[in-house]
Amino acid sequence: MKLKNVLIVVKDIERSRQFYHDLFGLELILDNDGNMILTEGLVLQEKKYWKEFLGKEIVPENNSSELYFEESDIEGFIEKLERYDPDVKYVNRLMTHSWGQKVIRFYDPDGNLIEVGTPV
């Protein structure tokens, strides 16, 4: 057995596809009408379908998981992020962990937590 994908729930699937393409370079692999598979194993699931499948409410900004990306030019990424979304909602701005890794955490447009850190 192997892990194939990570799925996140989004309100506007096209907006989210564009967000992950523009900021992280992820490309569309397959569009299944309300479910998109992107490169690197990220799957976008439209909220209305996910809610129907589960029969439960979706809780944005629940902080129970995060998508983790690495970027050696983290300051350049932050500039790109702030140009793309001047109102980005940070969980923490650029900080340095005790082991020397620089990281930021913020929410995507749907409240999914993202961490970008320098390579360890």
Side-chain angles (χ1 to χ4, degrees):
M1 181 183 302
K2 68 178 186 173
L3 176 64
K4 293 281 294 182
N5 299 99
V6 172
L7 181 146
I8 60 172
V9 178
V10 299
K11 289 178 263 183
D12 181 336
I13 200 163
E14 184 53 40
R15 176 181 178 209
S16 293
R17 185 202 61 76
Q18 195 69 50
F19 174 86
Y20 284 98
H21 173 268
D22 292 350
L23 286 176
F24 301 99
L26 302 184
E27 299 290 341
L28 178 65
I29 294 174
L30 183 64
D31 184 348
N32 282 328
D33 189 33
N35 177 284
M36 289 183 176
I37 300 173
L38 307 180
T39 51
E40 303 301 323
L42 183 61
V43 177
L44 307 176
Q45 177 71 61
E46 204 155 337
K47 179 181 177 180
K48 65 182 178 182
Y49 298 117
W50 190 245
K51 190 174 174 183
E52 182 180 312
F53 297 154
L54 291 184
K56 297 180 186 269
E57 288 298 318
I58 308 306
V59 182
E61 298 181 21
N62 62 30
N63 304 313
S64 62
S65 63
E66 74 175 18
L67 299 176
Y68 173 74
F69 296 87
E70 286 188 341
E71 171 60 60
S72 54
D73 179 14
I74 197 158
E75 288 85 359
F77 175 78
I78 293 168
E79 289 175 14
K80 180 180 178 180
L81 172 63
E82 290 179 348
R83 275 192 314 272
Y84 187 85
D85 183 3
D87 298 321
V88 63
K89 187 171 182 183
Y90 284 99
V91 175
N92 64 269
R93 292 188 179 268
L94 188 60
M95 61 176 280
T96 304
H97 285 295
S98 60
W99 56 89
Q101 183 188 30
K102 293 180 177 183
V103 300
I104 60 167
R105 288 183 186 87
F106 58 96
Y107 294 113
D108 78 358
D110 296 285
N112 296 295
L113 182 58
I114 297 173
E115 177 179 347
V116 178
T118 53
V120 288

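For clarity, every value in this text was computed on a predicted model and none was experimentally measured.
For the pair Glu46 and Ile13, the tightest heavy-atom approach, listed with the atom from each and the gap, is OE1-CG2, 3.5 Å. Contact record, Val91 with Leu113: CG2-CD1, 3.4 Å, taken as the closest heavy-atom pair. When all heavy atoms of Asp110 and Lys11 are compared, the closest pair comes out as OD1-N, 2.8 Å.
At a threshold of 4.5 Å between side-chain heavy atoms, the hydrophobic network of Ile, Leu, Val, Met, Phe, Trp and Tyr places Leu30 and Val43 in one connected group. Put simply, Phe77 and Met95 are part of two different groups of oily side chains (I, L, V, M, F, W, Y) that touch within less than 4.5 Å, one to the next. Val9 and Tyr68 fall into different hydrophobic clusters, where Ile, Leu, Val, Met, Phe, Trp and Tyr side chains are chained together by heavy-atom contacts under 4.5 Å. In the hydrophobic clustering of ILVMFWY residues, with side-chain heavy atoms under 4.5 Å counting as a link, Leu28 and Val6 come out together. A continuous path of Ile, Leu, Val, Met, Phe, Trp and Tyr side chains, each step under 4.5 Å between heavy atoms, connects Ile37 with Phe53, placing both in one hydrophobic cluster.
Looking at heavy atoms from C-beta onward, Ile104 lies in side-chain contact with Leu81 at the 4.5 angstrom threshold. When side chains are defined from C-beta on, Val103 counts as touching Asn92, because their heavy atoms get closer than 4.5 Å. Using a 4.5 Å heavy-atom threshold, the side chains of Leu23 and Asp85 count as separate. Between Leu44 and Asn35 the shortest side-chain heavy-atom distance does not fall below 4.5 Å. Side-chain contact between Trp50 and Val10 is absent, with no heavy-atom pair separated by less than 4.5 Å. Contact annotation: the side chain of Phe24 approaches that of Ile114 to within less than 4.5 Å [non-hydrogen atoms, C-beta and beyond]. The shortest distance between side-chain heavy atoms of Lys51 and Lys56 does not fall below 4.5 Å.
With sequence neighbours excluded, no residue forms a ring pair (Phe, Tyr, Trp, His ring centres under 6.0 Å) with Tyr107. When the ring pair (Phe, Tyr, Trp, His ring centres under 6.0 Å) test is applied to Tyr49, no partner is found at least two apart in sequence or on another chain.
The closest side-chain donor-acceptor pair between Glu82 and Tyr90 falls under 3.5 angstrom.
Taking the six-membered ring for Trp and thresholds of 30 and 60 degrees, His97 and Trp99 have nearly parallel ring planes, at less than 30 degrees apart.
More than 12 heavy atoms of other residues, nucleotides or ligands sit less than 6.0 Å from atom NZ of Lys80. Surrounding CD of Gln18 are more than 12 heavy atoms belonging to other residues, nucleotides or ligands, all under 6.0 Å away.
Of the options Glu71, Glu70, Glu115, Glu75, a salt bridge (charged side-chain N to carboxylate O under 4.0 Å, His left out) to Lys102 is made by Glu75 and by none of the others.
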